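Given the structure is predicted, the values throughout are model-derived calculations rather than measurements. Just so you know, these numbers use all the heavy atoms, side chains as well, and skip hydrogens, waters and symmetry mates.
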Amino acid sequence: MARPTKYKAEFATQAEKLCKLGATDDELAEFFEVAVTTIDNWKRDHKPFLGAIKKGKTLADAEVANKLFHRATGYGHADVDIRVIDNQIVQTQLIKHYPPDTAAAIFWLKNRQKAKWRDKIDHGLEGPNGGPIDHSLTIQFVKPSNGN
């Protein structure tokens with residue numbers, strides 16, 4: 001006889017919100033006070049739960065990718081400079097600019113264009129006309145000549 005499940009329909013909404021905040025399956029299991037295998041079972045048995053997790057994780061990943069892109073390319077945002085001048089608080093609206101971040105750009109390119117930007121380059125060997133190398137071995141025995 002199978003144990004009754006602790007799963008409730010409202011878990012899908014909670015899981016989506018947690019995943020939007022970056023929760024992993026391990027953290028979901030901790031939140032719902034179950035084992036990670038139970039989370040796997042709920043994903044298999046309750047399609048809305050699986051869909052909610054996928055949606056939450058996809059949105060979180062997209063936001064991180066967007067932020068990484070802005071770090072890699074540089075960006076600006078509205079800000080306020082607050083100073084005291086002649087005993088008066090003066091607020092000045094401005095745009096704060098951030099230059100491109102080299103490490104973020106390298107990370108982005110290595111992951112988005114692996115063939116062009118990865119550190120490891122495969123040096124393949126080719127046979128004639130760029131084809132495969134013939135690994136067959138032909139051994140020819142030559143009979144020694146008489147007297148030589």
Side-chain angles (χ1 to χ4, degrees), residues 1-140:
M1 184 166 152
R3 285 191 307 184
T5 182
K6 285 180 63 175
Y7 182 79
K8 296 177 184 160
E10 60 265 19
F11 287 2
T13 303
Q14 292 172 319
E16 181 179 337
K17 289 176 182 177
L18 289 166
C19 289
K20 284 180 185 177
L21 296 172
T24 63
D25 285 1
D26 287 340
E27 291 165 330
L28 290 175
E30 186 177 327
F31 177 82
F32 291 116
E33 298 178 347
V34 297
V36 176
T37 54
T38 301
I39 297 294
D40 292 336
N41 292 339
W42 289 353
K43 288 192 293 189
R44 183 191 66 229
D45 298 339
H46 305 281
K47 297 304 178 205
F49 185 73
L50 174 62
I53 288 174
K54 284 183 177 181
K55 183 178 177 185
K57 287 182 178 183
T58 299
L59 290 172
D61 291 348
E63 185 173 342
V64 170
N66 183 47
K67 300 295 184 191
L68 176 63
F69 176 78
H70 286 305
R71 286 294 306 256
T73 59
Y75 64 100
H77 70 85
D79 201 357
V80 178
D81 179 56
I82 303 172
R83 297 174 189 234
V84 176
I85 301 175
D86 297 327
N87 292 326
Q88 298 289 323
I89 296 176
V90 177
Q91 296 185 21
T92 306
Q93 301 293 321
L94 55 91
I95 301 293
K96 194 167 188 178
H97 292 278
Y98 296 89
D101 180 278
T102 304
I106 291 168
F107 184 80
W108 180 270
L109 290 169
K110 282 183 178 183
N111 283 282
R112 295 280 294 221
Q113 296 182 13
K114 292 177 182 147
K116 291 182 182 179
W117 291 94
R118 65 181 172 195
D119 290 330
K120 179 183 172 194
I121 298 174
D122 292 330
H123 296 284
L125 299 175
E126 300 174 348
N129 300 321
I133 296 175
D134 182 8
H135 293 287
S136 61
L137 179 62
T138 305
I139 299 176
Q140 185 175 15

A.B. asks: For His77, give me all partners under ring pair (Phe, Tyr, Trp, His ring centres under 6.0 Å), at least two apart in sequence or on another chain.
C.D. replies: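 Checked His77 against ring pair (Phe, Tyr, Trp, His ring centres under 6.0 Å); matches are Tyr98.
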A.B. asks: Report the C-alpha separation of Thr73 and Trp108 in whole Å, then their side-chain angles, then the decisive distance to 0.1 Å, and conclude whether the side chain to side chain donor-acceptor pair (under 3.5 Å) test is met.
C.D. replies: CA-CA 10 Å; Thr73 59; Trp108 180 270; over 6 Å; no
A.B. asks: Looking at Ala72 and Pro100, what are the two nearest heavy atoms and their distance?
C.D. replies: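 For Ala72 and Pro100, the tightest heavy-atom pair comes out as O-CB, 3.3 Å.
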A.B. asks: Given Asp81 and Gln91, is the side-chain contact (heavy atoms from CB on, under 4.5 Å) satisfied, shown in steps?
C.D. replies: CA-CA 6 Å; Asp81 179 56; Gln91 296 185 21; over 6 Å; no
A.B. asks: Drop me the distance from Ile53's CD1 to Gln14's CD, to the nearest 0.5 angstrom.
C.D. replies: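 These two atoms lie 11.5 Å from each other.
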A.B. asks: Taking the side chain from Asn111 and the backbone from Phe107, do they hold a donor-acceptor pair closer than 3.5 Å?
C.D. replies: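 Checking the backbone N and O of Phe107 against the side chain of Asn111, a donor-acceptor pair under 3.5 Å is found.
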A.B. asks: So for atom CZ, which belongs to Arg83, do other residues, nucleotides or ligands contribute more than 12 heavy atoms lying within a distance under 6.0 Å?
C.D. replies: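 No, because the 6.0 Å sphere around CZ of Arg83 holds 12 heavy atoms or fewer from other groups.
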A.B. asks: Atom NZ in Lys96, atom OH in Tyr75: separation rounded to 0.5 Å?
C.D. replies: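 So the gap between those two atoms works out to 9.0 Å.
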A.B. asks: Does atom CD of Glu10 have more than 12 heavy-atom neighbours from other groups under 6.0 Å away?
C.D. replies: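 Buried by this count: over 12 neighbours within 6.0 Å.
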A.B. asks: Would you find more than 12 non-hydrogen atoms of other residues, nucleotides or ligands less than 6.0 Å from Lys55 atom NZ?
C.D. replies: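 Not buried by this count: 12 neighbours or fewer within 6.0 Å.
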A.B. asks: How far does CD of Glu30 sit from CG of Leu18, to the nearest 0.5 angstrom?
C.D. replies: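 Reported value, rounded in 0.5 Å steps: 11.0 Å.
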A.B. asks: Look up atom CG in Leu28 and atom OG1 in Thr38, then write down how far apart they are to the nearest 0.5 Å.
C.D. replies: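 Taking CG in Leu28 and OG1 in Thr38, the distance rounds to 12.0 Å.
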A.B. asks: What are the two closest non-hydrogen atoms of Ala78 and Ile95, and how far apart are they?
C.D. replies: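 In this case the closest contact between Ala78 and Ile95 is CA-CD1, 4.0 Å.
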A.B. asks: If I compare all heavy atoms of Cys19 with all of Ala60, which pair ends up nearest, and what's the gap?
C.D. replies: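 Closest approach of Cys19 to Ala60, heavy atoms only: O-CB, 3.4 Å.
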A.B. asks: Give, for atom NZ of Lys20 and atom CG of Leu59, the distance between the pair rounded to the nearest 0.5 Å.
C.D. replies: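 The NZ atom of Lys20 sits 5.5 Å away from the CG atom of Leu59.
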A.B. asks: Check whether any side-chain N or O of Glu27 sits under 3.5 Å from a backbone N or O of Thr24 as a donor-acceptor pair, and report yes or no.
C.D. replies: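 Side chain of Glu27 to backbone of Thr24, a donor-acceptor pair under 3.5 Å: yes, one is there.
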A.B. asks: So Phe49 and Tyr7, would you call those rings parallel, tilted or perpendicular, with 30° and 60° as cut-offs?
C.D. replies: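 The rings of Phe49 and Tyr7 stand perpendicular, inter-plane angle above 60°.
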A.B. asks: What's the separation between atom CG in Asp101 and atom NE2 in His70, rounded to the nearest 0.5 Å?
C.D. replies: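 One gets 14.0 Å once the value is rounded to the nearest 0.5 Å.
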A.B. asks: Below 4.5 Å, heavy atoms only, C-beta onward: do Asp40 and Lys43 meet side chain to side chain?
C.D. replies: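 Side chain of Asp40 against side chain of Lys43, heavy atoms only: contact under 4.5 Å found.
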A.B. asks: Should we say atom CD1 of Ile89 is surrounded by more than 12 heavy atoms from elsewhere, each under 6.0 Å from it?
C.D. replies: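 It does not: Ile89 CD1 has 12 such atoms or fewer within range.
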